[in-house]
Amino acid sequence: MTTPTSRTATHLAATLLTATVALYIALVAFGNITDFGTNQQFVQHVLAMDTTFKDDDLMWRAVTGKGLQDAAYVVIIVWETVAALVLVYGTWLWVRRDDGRARRVSTYGLLMLMVLFGAGFIAVGGEWFAMWQSKDWNGLEAATRVFLLSGVVLLVVQLTGERSAT
């Protein structure tokens, strides 16, 4: 059974943690937009697989076309920006104590980040494009950090759900 105090604490945790992730991904997106070239190089090197072991059995996967590389980077930035906006809106809903909508919206934003960093960076970048082989362009640690942070916040957000007494 939950008490009003535990519900208030869980609500506060969900609010502050959602706000923290919203701020983080908003700053990431802002940085990628205002300093386009830095992470553009990262995406280009990962997709080109030019700093991997250059195994002939894997190199056919490389994407070396600048247009495709830039398109992939723009999609990442758009995804980050939309996730940030969704999480900012989720935070606003938490502040307004619209818990049901806040939980739903925050869940969408957090899942967007988990898909981007889990499926996009860890699975596709890390495994398909063998990013784990690169000493210079390996973003697996950072991607794992964001994936786990988003997952922990998602769990806290879900804890705010209605519970039936049993």
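Values below: every heavy atom of this structure, side chains too, minus hydrogens, waters and symmetry copies.
If you chain together hydrophobic residues whose side chains sit under 4.5 Å apart, V157 and V95 never meet in one group. If you chain together hydrophobic residues whose side chains sit under 4.5 Å apart, L155 and L113 never meet in one group. Hydrophobic clustering of Ile, Leu, Val, Met, Phe, Trp and Tyr side chains at less than 4.5 Å, counting indirect connections, keeps L17 apart from V88. There is a path of hydrophobic side-chain contacts, each under 4.5 Å, that joins V28 to L148. Placement of W132 and L47 within a single hydrophobic cluster is found when ILVMFWY residues are connected by side-chain heavy-atom separations under 4.5 Å, directly or transitively.
Listed here is the closest heavy atom pair of A14 and T160: CB-CG2, 3.7 Å. When every heavy atom of L110 is checked against every heavy atom of V153, the shortest pair comes out as CD1-CG1, 3.7 Å. Of all heavy-atom pairs between Q69 and V43, the closest is O-CG1, 3.8 Å. Considering all non-hydrogen atoms of both residues, A62 and A48 come closest at CB-O, 3.4 Å.
Within the model, atoms CE of M114 and OG1 of T107 stand 11.0 Å from one another, a figure rounded to the nearest 0.5 Å. To the nearest 0.5 Å, atom OG1 of residue T81 and atom CD1 of residue I76 are 11.5 Å apart. Taking NZ of K66 as the reference point, atom CG of L68 lies at 12.0 Å (rounded to 0.5 Å). Atom NZ of residue K54 and atom CE of residue M59 lie 5.5 Å apart, to the nearest 0.5 angstrom. Distance check: S150 OG to L111 CG gives 9.0 Å after rounding to the nearest 0.5 Å.
Without hydrogens or angle criteria, R61 side chain to W128 main chain gives a donor-acceptor distance under 3.5 Å. Checked by atom type and distance alone, the side chain of Q133 never pairs as donor or acceptor with a backbone atom of T51 at under 3.5 Å. In this structure a side-chain-to-backbone donor-acceptor pair under 3.5 Å is missing from T18 to T15. Put simply, the side chain of W94 never gets that close to the backbone of H11: no donor and acceptor are under 3.5 Å apart. Side-chain N or O atoms of R101 include none that pairs as donor or acceptor with a backbone N or O of L93 at under 3.5 Å. Although no hydrogens or angles enter the test, the distance criterion places no donor-acceptor pair under 3.5 Å between the side chain of S106 and the main chain of R103.
For T38, the side chain to side chain donor-acceptor pair (under 3.5 Å) partners are D35, not counting sequence neighbours.
Within the hydrophobic cluster formed by Ile, Leu, Val, Met, Phe, Trp and Tyr side chains joined at under 4.5 Å, directly or through other members, L16 is accompanied by L12. Residue V152 shares its hydrophobic cluster (ILVMFWY side chains chained together at separations under 4.5 Å) with no other residue. When hydrophobic side chains of Ile, Leu, Val, Met, Phe, Trp and Tyr are connected at separations under 4.5 Å, V75 ends up as a singleton with no cluster partners.
Ring orientation note: the planes of H45 and W137 are close to parallel, at an angle under 30° on the 30°/60° scale.
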Item to check | Derivation and outcome, side-chain contact (heavy atoms from CB on, under 4.5 Å), residues T52 and L58 | outcome: CA-CA 10 Å; T52 64; L58 297 179; over 6 Å; no

Next on the checklist: Set out, in order, the CA-CA distance, both residues' side-chain angles and the distance that settles side-chain contact (heavy atoms from CB on, under 4.5 Å) for L116 and M112, then state yes or no.
Outcome noted: CA-CA 6 Å; L116 176 62; M112 287 179 72; over 6 Å; no

Next on the checklist: Between L87 and Y24, is the side-chain contact (heavy atoms from CB on, under 4.5 Å) condition met? List the steps.
Outcome noted: CA-CA 10 Å; L87 289 168; Y24 169 75; over 6 Å; no

Next on the checklist: Between V46 and F121, does the side-chain contact (heavy atoms from CB on, under 4.5 Å) criterion hold? Intermediate values first, please.
Outcome noted: CA-CA 10 Å; V46 169; F121 288 101; over 6 Å; no

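Applying the salt bridge (Lys or Arg N to Asp or Glu O under 4.0 Å) definition to pairs two or more places apart or across chains, those involving residues 138-147 are E141-R145. The salt bridge (Lys or Arg N to Asp or Glu O under 4.0 Å) analysis of residues 13-31, with sequence neighbours excluded, yields no pairs.
In F36, the CZ atom is crowded: over 12 heavy atoms of neighbouring residues, nucleotides or ligands sit closer than 6.0 Å.
Aromatic rings of Y73 and F42 (six-membered ring for Trp) have centroids beyond the 6.0 Å cut-off, not under it.
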